[in-house]
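The figures here come from the full heavy-atom set of this structure, side chains too, leaving out hydrogens, waters and symmetry mates. Numbering of ligands and ligand atoms starts at 1, following listing order.
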Amino acid sequence: MNSIPSKLQKKLADYNQAHLLTFWNELNDAEQQELDTQLKTIDFDQFVTLKAKSSEVTTKKVEPCATIPLDESNFDLGVRAIKNGEIGVLTVAGGQGTRLGWSGPKGTYPATPITGKSLFQVIAEQIVFASQKYNTTIPWYIMTSNQNDAITRAFLLDNNCFGLERTDIFLFTQGEVPAVDCDGNMLLATKSEVAMNPDGHGGVVAALQRSGGLEEMATRGIQHLSYVQIDNPLAQVIDPSFIGLHLSDRSSREASSKCVLKTDPDEKVGVFCTVNGNVEVVEYSDLPSEKATERGDNGALLYGGGSIALHLFSVEFLQQAAQRMQWHKANKKVSYVDVQTGEKIEPDSPNAFKYEKFVFDVLPFAKGTLVIETSREDEFAPIKNASGQDSSETSHLLQQNRAKRWLEAQGVEVSPQSTVEISPLTASCAMDLQEVNLPRAIGEDEIVAL
Ligand code: UTP
């Protein structure tokens, strides 16, 4: 057994966290080493800053945000950027997926209605299709977490990267931050381990910097990233119309986002607002209800642009955005070891604060941000829950409905009772189906995967 390294002891005392060493003398050498190593990786200065900060949106001047419709006016500009190899895809897949309750990483969850393709496969195949269609290379940057990185890598390799070159996939892990109790004390998850939580999808900006991802993009000539989350199989990963609008008017635009109209004022999605003159996504819980329900002369919600987590970011912009993002704190249940008794406590109610960053918090710092309204039916079918709303059941229905609309647009008679799936390798829009040998009709009991 080793005595507590004096430097470590002093450091923890300086930050009022000496209690983390309470059980040091009970630990074996390996456990002491583990705790020492972990404590060295924690950024205590950042921890002090994050304890002091939280979201202050309610004290800011919040106004409605202008949106424009997603149209094809700049489609060719978008295609040119894709063909020039300027576009990469950025996916955040480090989440814990607690609501879904799936045993593996969420990206391995079977998402499509007939063939059961995983969420990773749906994105990978869209990239494969676009790379072939535009005769280019589109690299894929995937953020994982310490918990799911190894299994995600194995899953992609076991599946031959779903047709992508291994060298065009760049995996990197997100950061972690300590959870703290109501008095600002970090908690011990075990006697030899501090309780940590992932730093949120907004951790992606710092993680890209840390991992060398941004440099890798620069060497490839990637200038813009299409950001998609792992759990929305309807997300158009490479959308020339969206990219074209983003690149229109001014070449220096640093971010653009898609939104959909909220179905009702109480829908639990973040809302695009103008806050102190900048585009910002305000969480539904932070938007005062008098604003959430306010309507314009035409009856539409004034704060109606719901965020569906689809963005375009300029790579250069992300290079300087990481340090500026705020922390959000949430009161959660965190199990811990009581330093008085040594007992493991599983709290019944929230006992600690977890700190996270949200990716949309880069938007206020971006120049020229466009918020572009797209159709919910075409682009939003998230899988968040095991059943009910935003589950695979609702997502399957929405995926099928879009597939049926695409087929009908090509003159196929489709029974509403049929079951249909269109592979991302077959088409990325209704027009692509012109190249496909289609049936004249799909009858009510038919199950058709194209
Ligand atoms: P969610 O906020 O829906 O979280 O993530 P989740 O972890 O998937 O699910 P719950 O809330 O635990 O049920 C939205 C997206 O952000 C990613 C997720 O992987 C998903 O793509 N994410 C979230 C991260 O990459 N890291 C995080 O720390 C949190």
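In summary, the side chains of Lys117 and Ser423 do present a donor paired with an acceptor at a separation below 3.5 Å, with no hydrogens or angles considered. Counting only N and O atoms by type, the side chains of Glu176 and Gln147 include a donor and acceptor under 3.5 Å apart. Between the side chains of Tyr134 and Gln132, not a single donor N or O lies within less than 3.5 Å of an accepting N or O. Between the side chains of Tyr355 and Asn197, no donor-acceptor pair of N or O atoms lies under 3.5 Å. At a cut-off of 3.5 Å, with distance as the only test, no side-chain donor of Glu280 or Asn278 sits close to an acceptor on the other residue.
At the top of the distance list for atom 26 (N) of ligand 1, counting protein heavy atoms only, stands Gln174 OE1, 2.7 Å. Nearest non-hydrogen protein atom to atom 21 (O) of ligand 1 is Val92 O, 2.7 Å. The protein non-hydrogen atom at the shortest distance from atom 8 (O) of ligand 1 is Lys106 NZ, 2.9 Å. Protein heavy atom nearest atom 19 (O) of ligand 1, with residue, atom name and distance: Gly95 N, 2.9 Å. The nearest heavy-atom contact from the protein to atom 12 (O) of ligand 1 is Thr98 OG1, 2.4 Å. The single protein non-hydrogen atom nearest to atom 3 (O) of ligand 1 is Lys384 NZ, 2.7 Å, given as residue, atom name and distance. For atom 25 (O) of ligand 1, the closest heavy atom belonging to the protein is Gly94 N, 2.8 Å. If you check which protein heavy atom lies closest to atom 14 (C) of ligand 1, you get Gln229 OE1, 3.3 Å.
The option with the heavy atom closest to atom 4 (O) of ligand 1, from among His201, Glu176, Arg99, is Arg99.
Listed for the Glu86 side chain is no donor-acceptor partner under 3.5 Å among the backbone atoms of Gly221.
Taking every heavy atom of Gln96 and a limit of under 4.0 angstrom, the matching atoms of ligand 1 come to 7 (O). Atoms of ligand 1 found under 4.0 Å from any heavy atom of Pro198 (numbered from 1 in listed order, with element): 28 (O). Shown in contact with Met143 at under 4.0 Å from a heavy atom are these atoms of ligand 1, numbered in order with element: 25 (O).
Between Glu63 and Lys61 there is a salt bridge, since at least one side-chain N of the basic residue sits less than 4.0 Å from a carboxylate O of the acidic one.
Remark: of the listed residues Asp231, Asp390, Thr98, Asp231 is the sole one forming a side-chain hydrogen bond (donor to acceptor under 3.5 Å, both in side chains) with Lys384.
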